[in-house]
Amino acid sequence: MKLTNPELIVKRSYKEVYKDGDKIVKIFEKDHPKSAVFNEALNTVRVEEAGLDIPKLDEVTQIDEKWALVIECQAGETLETVMEKNPDNLEKYMAEFVDLQLQIHAKTAPMLTKLKDKLAKQINQLKELDATQRYELLVRLESMPKHTKVCHGDFNPSNVIVGEDGKLTVVDWAHVTQGNASADAALTYLQFALKNRVAAEMYLTMFCKKSDTAKQYVQQWFPIVAAAQLEKNNELEKDFLMKWIDVMDYQ
């Protein structure tokens with residue numbers, strides 16, 4: 001496959017993402033594991049089959065000897081951009097954002113990786129924490145209830161596209177798992193808190209009210225999720241995450 005009129009929209013150390021006509025093309029670096037590319041493709045299809053209306057995966061291919069995913073392009077602006085342009089309407093947009101996340105959590109996809117297994121693996125591999133810290137986090141993780149809800153794994157306004165008709169569409173399903181919705185919400189909260197604590201508190205309050213979940217229950221996931229994010233290197237700031245790990249009581 002060759003790109004016809006590519007527009008670079010995202011660049012990461014391991015991939016470049018282009019808009020090419022009515023398609024989004026993710027091109028991964030040659031040293032990126034082939035299994036990770038095919039796993040993202042498979043996860044995207046499993047989310048489609050769970051009944052969620054997301055941009056469809058069209059093709060797994062190679063471009064210049066690099067593996068690539070070709071996905072339908074969803075026209076529009078990110079919800080993050082819309083929120084920044086219209087700060088007075090933040091509460092309205094946040095309500096729609098939470099409703100969208102709850103629609104995802106209402107679905108199941110039994111073949112997805114289990115969230116608790118993924119978190120345990122991430123924590124076990126951490127070098128930033130000593131063995132005692134890792135043990136305490138793993139004990140807390142094991143004690144948390146096991147659920148089988150679809151969890152996006154990176155649910156934030158930059159991964160929600162607002163169409164011209166106002167329809168919201170969730171993109172980028174690379175980190176999707178099945179597990180506890182409150183763990184997914186804890187990560188969303190931390191992503192908001194990194195940039196805007198007011199928005200983070202609004203999100204958490206709204207999520208807990210709409211899902212009938214105690215705030216304390218979501219907060220119990222904070223140190224676990226923060227620790228797991230350290231494994232991703234720079235996706236969230238290390239000092240910020242360490243504070244969430246250090247201040248929590250692991251009893």
Side-chain angles (χ1 to χ4, degrees), residues 14 26 28 32-54 57 60 69 98 100-129 131 133-156 159 170-191 204 207-208 211-214 216-233 235-236 241 244-245 248 250:
Y14 63 97
K26 293 185 178 183
F28 298 87
H32 190 65
K34 181 178 178 180
S35 59
V37 178
F38 277 77
N39 188 60
E40 180 173 344
L42 186 57
N43 282 345
T44 302
V45 173
R46 284 172 172 162
V47 171
E48 290 177 26
E49 292 177 347
L52 288 167
D53 185 11
I54 67 171
L57 175 71
V60 180
L69 302 181
V98 171
L100 188 61
Q101 189 174 30
L102 294 178
Q103 289 173 26
I104 296 170
H105 293 163
K107 300 295 185 180
T108 58
M111 297 302 292
L112 289 175
T113 297
K114 291 180 173 60
L115 176 57
K116 291 183 79 169
D117 291 347
K118 181 178 181 179
L119 291 171
K121 181 180 179 181
Q122 289 172 319
I123 292 169
N124 271 316
Q125 292 175 341
L126 288 177
K127 304 301 182 185
E128 292 86 353
L129 304 179
Q133 289 174 305
R134 294 196 303 271
Y135 173 78
E136 290 173 335
L137 287 164
L138 290 169
V139 169
R140 170 172 283 207
L141 174 61
E142 183 57 31
S143 72
M144 301 301 279
K146 296 176 182 174
H147 294 168
T148 58
K149 299 176 181 179
V150 173
C151 296
H152 182 274
D154 192 18
F155 192 76
N156 67 79
N159 281 330
V170 185
V171 299
D172 195 356
W173 293 87
H175 306 292
V176 66
T177 58
Q178 58 171 320
N180 194 305
S182 291
D184 203 40
L187 177 56
T188 299
Y189 172 86
L190 292 178
Q191 290 176 314
L204 184 59
F207 176 86
C208 290
S211 63
D212 195 25
T213 304
Q216 297 89 332
Y217 180 59
V218 178
Q219 290 166 343
Q220 287 180 30
W221 284 99
F222 286 175
I224 299 168
V225 172
Q229 289 300 301
L230 288 171
E231 184 258 351
K232 293 185 178 180
N233 294 327
E235 287 204 13
L236 293 174
L241 293 170
W244 284 102
I245 299 168
M248 299 301 287
Y250 300 128

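In this text, all values refer to a predicted model and were calculated from it rather than measured experimentally.
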Enquirer: Looking only at heavy atoms, what is the nearest atom pair of P223 and R140, with distance?
Expert: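 Distance-wise, the nearest heavy atoms are CG-NH1, 3.3 Å.
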
Enquirer: For A214, what residues pass the side-chain contact (heavy atoms from CB on, under 4.5 Å) criterion, not counting sequence neighbours?
Expert: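 side-chain contact (heavy atoms from CB on, under 4.5 Å) list for A214, sorted by chain: Q216, Y217.
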
Enquirer: Quick check: closest heavy atoms across A41 and V60, and the distance to 0.1 Å?
Expert: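 In terms of heavy atoms, the two residues are closest at CB-CG2, 3.7 Å.
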
Enquirer: Any heavy-atom pair between the side chains of Q178 and K114 that's under 4.5 Å?
Expert: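 Yes; the side chains approach each other to less than 4.5 Å.
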
Enquirer: With rounding to the nearest 0.5 Å, note down the distance linking CG in L137 to CG in L141.
Expert: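 Answer for the CG-CG pair, L137 versus L141, is 8.5 Å.
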
Enquirer: Is any side-chain heavy atom of I245 closer than 4.5 Å to one of L230?
Expert: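 Yes. Closest side-chain heavy atoms under 4.5 Å.
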
Enquirer: Could you report the tightest heavy-atom contact between S182 and T213, atom names first, then the distance?
Expert: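 S182 and T213 have their closest heavy atoms at OG-CG2, 3.6 Å.
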
Enquirer: Using a 3.5 Å distance criterion without hydrogens, assess whether the side chain of D184 forms a donor-acceptor pair with backbone atoms of G153.
Expert: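 Yes: the side chain of D184 pairs with the backbone of G153.
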
Enquirer: What closest approach, in Å, do A227 and L129 show between heavy atoms, and which atom pair accounts for it?
Expert: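 Closest approach of A227 to L129: CB-CD1, 4.0 Å.
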
Enquirer: For N39, check side chain to side chain donor-acceptor pair (under 3.5 Å) against everything at least two apart and list the hits.
Expert: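 With sequence neighbours excluded, N39 shows a side chain to side chain donor-acceptor pair (under 3.5 Å) to no residue whatsoever.
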
Enquirer: Quick one: do the N159 and H152 side chains pair a donor with an acceptor below 3.5 Å?
Expert: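 No, no side-chain donor-acceptor pair sits under 3.5 Å.
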
Enquirer: Do Q122 and L119 come within less than 4.5 Å of each other through their side chains, counting heavy atoms only?
Expert: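 Answer yes - side chains close enough.
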
Enquirer: Walk me through whether Q133 and L126 qualify under side-chain contact (heavy atoms from CB on, under 4.5 Å).
Expert: CA-CA 10 Å; Q133 289 174 305; L126 288 177; over 6 Å; no

Enquirer: Taking only residues two or more places apart in sequence or in another chain, which ones pass salt bridge (Lys or Arg N to Asp or Glu O under 4.0 Å) with K116?
Expert: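 Residues passing salt bridge (Lys or Arg N to Asp or Glu O under 4.0 Å) with K116: none at all.
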
Enquirer: Looking at residues at least two apart in the chain, or sitting in another chain, which of them share a side-chain contact (heavy atoms from CB on, under 4.5 Å) with E49?
Expert: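 With sequence neighbours excluded, E49 shows a side-chain contact (heavy atoms from CB on, under 4.5 Å) to V45, given in chain and number order.
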
Enquirer: Would you compute the distance between atom CD1 of I123 and atom CD of Q229 and round it to the nearest 0.5 angstrom?
Expert: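 That separation rounds to 10.5 Å.
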
Enquirer: Output all residues satisfying side-chain contact (heavy atoms from CB on, under 4.5 Å) with L42, sequence neighbours left out; order by chain, then residue number.
Expert: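 Scan of L42 (side-chain contact (heavy atoms from CB on, under 4.5 Å), adjacent residues dropped) gives R46.
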
Enquirer: Look at the aromatic rings of Y14 and H32 and report parallel, tilted or perpendicular, splitting at 30° and 60°.
Expert: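 Rings of Y14 and H32: parallel, as their planes differ by under 30°.
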
Enquirer: Do H175 and K118 have side chains that get closer than 4.5 Å, going by heavy atoms?
Expert: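 With C-beta onward as the side chain, the pair touches.
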
Enquirer: In Å and rounded to the nearest 0.5 Å, what is the CG to OG1 distance from L115 to T148?
Expert: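 With rounding to 0.5 Å, CG (L115) is 11.5 Å from OG1 (T148).
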
Enquirer: Return the CD to CD distance between Q103 and Q101, rounded to the nearest 0.5 Å.
Expert: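 With rounding to 0.5 Å, CD (Q103) is 11.0 Å from CD (Q101).
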
Enquirer: Looking at side-chain heavy atoms only, is the closest gap between L204 and Q219 below 4.5 Å?
Expert: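 Heavy-atom side-chain distance check passes, below 4.5 Å.
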
Enquirer: In terms of the angle between their ring planes, are Y189 and F222 parallel, tilted or perpendicular, with boundaries placed at 30° and 60°?
Expert: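 Ring orientation of Y189 relative to F222: parallel.
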
Enquirer: Let me confirm one number: the CG-CG distance from N124 to L138, rounded to the nearest 0.5 Å.
Expert: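 Answer for the CG-CG pair, N124 versus L138, is 5.0 Å.
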
Enquirer: Could you report the tightest heavy-atom contact between A174 and N43, atom names first, then the distance?
Expert: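 Closest approach of A174 to N43: O-ND2, 4.2 Å.
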
Enquirer: When you look at L57 and E40, which way does the side-chain contact (heavy atoms from CB on, under 4.5 Å) test go after all the steps?
Expert: CA-CA 10 Å; L57 175 71; E40 180 173 344; over 6 Å; no

Enquirer: Would you indicate whether the side-chain heavy atoms of W221 and L190 approach each other to under 4.5 Å?
Expert: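 The answer is no; the side chains never approach within 4.5 Å.
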
Enquirer: Start with the C-alpha gap between L52 and W173, add the side-chain angles, then the distance that decides, and say whether side-chain contact (heavy atoms from CB on, under 4.5 Å) holds.
Expert: CA-CA 12 Å; L52 288 167; W173 293 87; 4.0 Å; yes

Enquirer: How far does NE2 of H105 sit from NE2 of H147, to the nearest 0.5 angstrom?
Expert: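 It is 11.5 Å, given to the nearest 0.5 Å.
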
Enquirer: Using side-chain heavy atoms (C-beta onward) and a distance below 4.5 Å, is L187 in contact with Q191?
Expert: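 Result yes, sub-4.5 Å side-chain heavy-atom pair found.
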
Enquirer: With sequence neighbours left out, write down each residue that passes ring-ring contact (aromatic ring centres under 6.0 Å, His included) with F38, or none if nothing qualifies.
Expert: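 Residues passing ring-ring contact (aromatic ring centres under 6.0 Å, His included) with F38: W67.
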
Enquirer: Tell me, do T188 and F155 make a side-chain contact under 4.5 Å, heavy atoms counted?
Expert: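 Yes, at least one pair of side-chain atoms sits under 4.5 Å.
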
Enquirer: Minimum heavy-atom separation for C151 to N180, with atom names?
Expert: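 Shortest heavy-atom contact: SG-O, 3.6 Å.
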
